[in-house]
**Student:** 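Before anything else, here's the structure in question.
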Amino acid sequence: MSRIMDGAVWRRDRAFSHVGQGNAARGCPAGPARTTLADDPRQPAAQRRERGRRKMRATNRDERRELGLFLSDRRAKLRPADFGLAEGRRRTPGLRREEVAQLAGISVSWYTWLEQGRDIRVSDDALRRIAEVFGLNDVEAGYLSALSSRAAPVVKSGDDISHGLRMLVEAIDPIPAYIRNPQFDILVWNDAIADLFVDYGSLESHERNTLRLLFLYPPYRTLILDWEQMARGMISAFRAARASAQDKKPFDLIVSELSDVSGEFRAWWQDTHVQGFDEGMKRLMHPTLGLTKLTYVALTPEGRPDLSLVTYIPQRPACDSRS
């Protein structure tokens, strides 16, 4: 039976407990939906609008704070000698704010306000020059831009997967593959990847999430060699995806849940590192296959920038030459 599906077709013993999911995760009837004051139709329209504006201002404050932490962290990692500056006596590592401002061709006050999280407007050209000074790669520059924008770009999103994409995932079996959304929920998969990692069909839909599996599913820690490096890398990719998302609530729910139950996640989420998840290598110690080395490649389907088709290609042993 193919495992390409949206919901679980059969049940097995749960691989990990339902952390913080309440009655709904255990199959109990959900209670009545709770209506917030901002959405209550009995509230005057003006009050609802004002509550919405307050929520938006709070979100912007959080993003400006995140931007300031990112800039100060990157500034601390710069070496004055690389810019022809004297090391001298410095109270903190890296460049001074005024040095960054001079190198980027912006005013010291303006850069200081930016790093302090002040509510100021940032031009694309100024961001480009700051990114050049810091030597940011494409993912880091995109993260900088996303945190500085007033609104994230609107893209088509949702967990509805076209019939063609489902057929593709099934057709490339035995190459392990799945399709995921920006918050790393696994939506569609084939038999090969279920055999490689976990039987996704035996899990509840909310459990089919790469970050949740990494931190809440104990077998992953022995299955995935270099587990810490992989887990921290996934957090960095998740952080970058969150910054670019228009709706951050699904991301924040995952962050809140994992921060409550995992001290490792809680500590590593405080970092500012960001990276993409496009291509790399993963090593497994599989219970039946033994040491397995794979190259993962993530592709974006045309017209669905919110989705990623992720494939895991087994690496051939060095002695297997087919030239």
**Student:** Suppose we screen for side-chain hydrogen bond (donor to acceptor under 3.5 Å, both in side chains). Which residues come up paired with Y220, at least two apart in sequence or across chains?
**Tutor:** none
**Student:** Check for a donor-acceptor pair, side chain of T222 on one end and backbone N or O of P219 on the other, with a separation under 3.5 Å.
**Tutor:** yes
**Student:** Transitive ILVMFWY cluster of L291 at side-chain heavy atoms under 4.5 Å: who else is in it?
**Tutor:** L225, M285
**Student:** I'd like to check the side-chain hydrogen bond (donor to acceptor under 3.5 Å, both in side chains) partners of K293; sequence neighbours left out, ordered by chain and number.
**Tutor:** none
**Student:** Between the side chains of T295 and Q315, does any donor sit under 3.5 Å from an acceptor?
**Tutor:** yes
**Student:** For E99, what residues pass the salt bridge (Lys or Arg N to Asp or Glu O under 4.0 Å) criterion, not counting sequence neighbours?
**Tutor:** R90, R96
**Student:** Nearest 0.5 Å please: distance from the CG atom of L71 over to the OG1 atom of T112.
**Tutor:** 11.0 Å
**Student:** Salt bridge (Lys or Arg N to Asp or Glu O under 4.0 Å) with E66: which residues, sequence neighbours excluded?
**Tutor:** R242
**Student:** How close do A141 and A131 get, counting heavy atoms only, and between which atoms?
**Tutor:** CB-CB, 4.4 Å
**Student:** So, using side chain to side chain contact (heavy atoms under 4.5 Å, CB included) as the criterion, who are the partners of S262 when residues are at least two apart?
**Tutor:** F215, E264, F265
**Student:** Tell me every residue that passes side chain to side chain contact (heavy atoms under 4.5 Å, CB included) with T210, counting only those two or more places apart in sequence or in another chain.
**Tutor:** Y178, F184, I186, L214, M234
**Student:** Can you measure from CG (N190) to CD (E170) and round to the nearest 0.5 angstrom?
**Tutor:** 8.0 Å
**Student:** Should F238 and F277 be marked as a ring-ring contact (aromatic ring centres under 6.0 Å, His included) after you check the CA-CA gap, both sets of side-chain angles, and the distance that decides it?
**Tutor:** CA-CA 9 Å; F238 188 83; F277 184 87; over 10 Å; no
**Student:** So, using side chain to side chain contact (heavy atoms under 4.5 Å, CB included) as the criterion, who are the partners of D73 when residues are at least two apart?
**Tutor:** K77, T272
**Student:** For residues 112-145, which residue pairs pass the ring pair (Phe, Tyr, Trp, His ring centres under 6.0 Å) check, not counting sequence neighbours?
**Tutor:** F70-Y143
**Student:** Can you list everything that forms a side chain to side chain contact (heavy atoms under 4.5 Å, CB included) with E228? Sequence neighbours excluded, please.
**Tutor:** R232, W268
**Student:** Distance check, rounded to the nearest 0.5 Å: L168 atom CG versus L309 atom CG?
**Tutor:** 5.5 Å
**Student:** Partners of T92 by side-chain hydrogen bond (donor to acceptor under 3.5 Å, both in side chains), sequence neighbours excluded?
**Tutor:** none
**Student:** Got a sec, which residues hit salt bridge (Lys or Arg N to Asp or Glu O under 4.0 Å) with R129, two or more places apart in sequence or on another chain?
**Tutor:** D125
